[in-house]
Protein chains: 2
Amino acid sequence: MPKSLDPIEILIRRLQRSAGLEQSELAELRTLQVDVADVARNEAISREGDRVEHCMLLVEGFLIRLQHTRGGKRQILSFYVPGDIPDLQTLHLPTMDHSLAAITPARLGRIPHKSIQELCNRNRRVADALWRETLIDAAVARTWVRCVGRLTARARVAHMLCELHARLDAVGLAKDPIRMPITQADFADAMSLSVVQINMTLRDLREEGLITVHKREMIVHDLVRLQYVAEFDPLYLHLDPAQRR
Amino acid sequence: MPKSLDPIEILIRRLQRSAGLEQSELAELRTLQVDVADVARNEAISREGDRVEHCMLLVEGFLIRLQHTRGGKRQILSFYVPGDIPDLQTLHLPTMDHSLAAITPARLGRIPHKSIQELCNRNRRVADALWRETLIDAAVARTWVRCVGRLTARARVAHMLCELHARLDAVGLAKDPIRMPITQADFADAMSLSVVQINMTLRDLREEGLITVHKREMIVHDLVRLQYVAEFDPLYLHLDPAQRR
DNA sequence: CGCTAGTTTGAAAAAACTCAATTGGCGTGG
DNA sequence: CCACGCCAATTGAGTTTTTTCAAACTAGCG
């Protein structure tokens, strides 16, 4: 595990992206109690039905949210990149209605709900910033529905790549080549396609010169065209602070 | 439009379901500024890209959230039933990343963001109750992904019916026959299927004795079996107050 | 009574899946 | 350092699911 920033600094950088917090508020954030923990690839962090009392701040690596069908099929509901808090919703819905797992080795900052709640009670602006994060998470899920439901295989795969690119770019991790150790099986379960379809679609996109995928790294050669193919509009990620009130 | 409760009382009933607010807090809720407005069937309430300054409390009728593809296909992202606030997320994300429309004549209570925000600033418990509502909305969207992505047509349709049943039941609207004026075209765009498929699937479910659909009303004859077919687990709706902390 | 929106049904076409086999890359143990 | 083994990627081919297109039917409404 390479060296990495203090978890709280990553959180602060994330919230600063939109919330415009003041120094005193940042200082309060720094009082949050954080435990760092490393998890292995494919390790489950929490499961459907669990009651949890901590939030996980992702410091390094990739996590996924997922649900299963009775037949054992997986559906990945979102990817998480460093800076995200994939289970922030447990603050108010402590019973997990899906599972959380690492698809790469990952480093997490465990923050007790209690610690966050006390901070939220002291400071509404921090609370609102966190609320806003959960709303963006919801917006991503909604767009995922449209993607899986109404886009072609080709557009779906492109869309997922665009979203990952945009979100990694927002935390400074989209410098070519983009490290993206996600297997084609993961892509398949994310976009509700078969591995075969994912493989063929990636090949097509590669042959058209839009992307290169090699050794768990991706290079986007033509982002504009990729976004066009994906019918991708980054609005739903609410990354642009100008979109705020 | 038949007579209906005061919008705020509907909101209070909804929040009481889980938040356990005190009388003084309910009194504060009653100070919210609410404008009642009726909208016609198929009327758009807000569109992708709009910046809005009010939240819409649904008093009567059904609303949908939807997004479009370039090819003009629709994807319905959720249904809303009386008591819901479909655009509560605009409180912190005022730019709509999807559209909101009525699929039946509907009555809405328009509440200015400002009014809600002031209340939230005065009272954290109310703020948390509203935050929680937005989190449930997100949970519904996530489960929708699994439904659309990994369930068969049969299970998808059953799942949608189960969800509607559970949510209508939670507000006392699930007494047989259940009034559900949703066209098959709407169902199709919700579950990412064609109208043909919806029609056939409904026929199958009817012939198996699970449901009856007639004249915009539905009767569920065998909820347990319908839920089994749907792989439906109501956990994600977080309706059970015992699930709270 | 005719119109329209919505439902129902049939049949061909398209998209995506499953199954199966092969290839490639990489870490580990001999 | 090489061989083995395993996981992931790739490719081919037949099958299944779902869609699309088209047409007929039905019920409510002016």
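Everything numeric in this text was worked out from a predicted model, so none of it was measured. In what follows, every chain begins at residue 1, and chains take the letters A, B, ... in the order their sequences are listed.
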How is B/Arg154 classified with respect to the nucleic acid when contacts are heavy atoms under 4.0 Å: base, sugar-phosphate, or nothing?
-> nothing
Might you point out which heavy atoms bring B/Phe79 and B/Leu164 nearest each other, and give the distance in Å?
-> CB-CD2, 3.9 Å
Expected list for residues 186-205 of chain A near DNA chain C, using heavy atoms below 4.0 Å, is A/Ser192, A/Leu193, A/Ser194, A/Val196, A/Gln197
Within-4.5 Å side-chain heavy-atom neighbours: B/Gln75 and B/Trp144 = yes
Within the structure, does a side-chain N or O atom of A/Arg41 lie under 4.0 Å from either OP1 or OP2 of D/dA8?
-> yes
From CG of A/Asn42 across to C1' of D/dC6 the rounded distance in Å is 14 Å
Whichever of A/His214 and A/Leu151 has its nearest DNA chain C nucleotide further upstream toward 5' = A/Leu151
Any B/Lys215 side-chain nitrogen or oxygen under 4.0 Å from OP1 or OP2 of D/dG28 | yes
Please test A/Ile85 against A/Asp87 for side chain to side chain contact (heavy atoms under 4.5 Å, CB included), starting from the C-alpha separation and ending with a verdict.
-> CA-CA 6 Å; A/Ile85 307 180; A/Asp87 53 3; 3.9 Å; yes
Tell me yes or no: between the side chains of A/Thr183 and A/Asp186, is some donor less than 3.5 Å from an acceptor?
-> yes
Once you round it to whole Å, what is the distance between C1' of C/dA15 and NZ of B/Lys73?
-> 10 Å
A/Pro86 versus A/Gln89, closest heavy-atom pair with distance = O-OE1, 3.3 Å
Any A/Arg216 side-chain nitrogen or oxygen under 4.0 Å from OP1 or OP2 of C/dC26 = no
Answer with base, sugar-phosphate or nothing: what part of the nucleic acid does A/Arg150 contact at a heavy-atom distance below 4.0 Å?
-> nothing
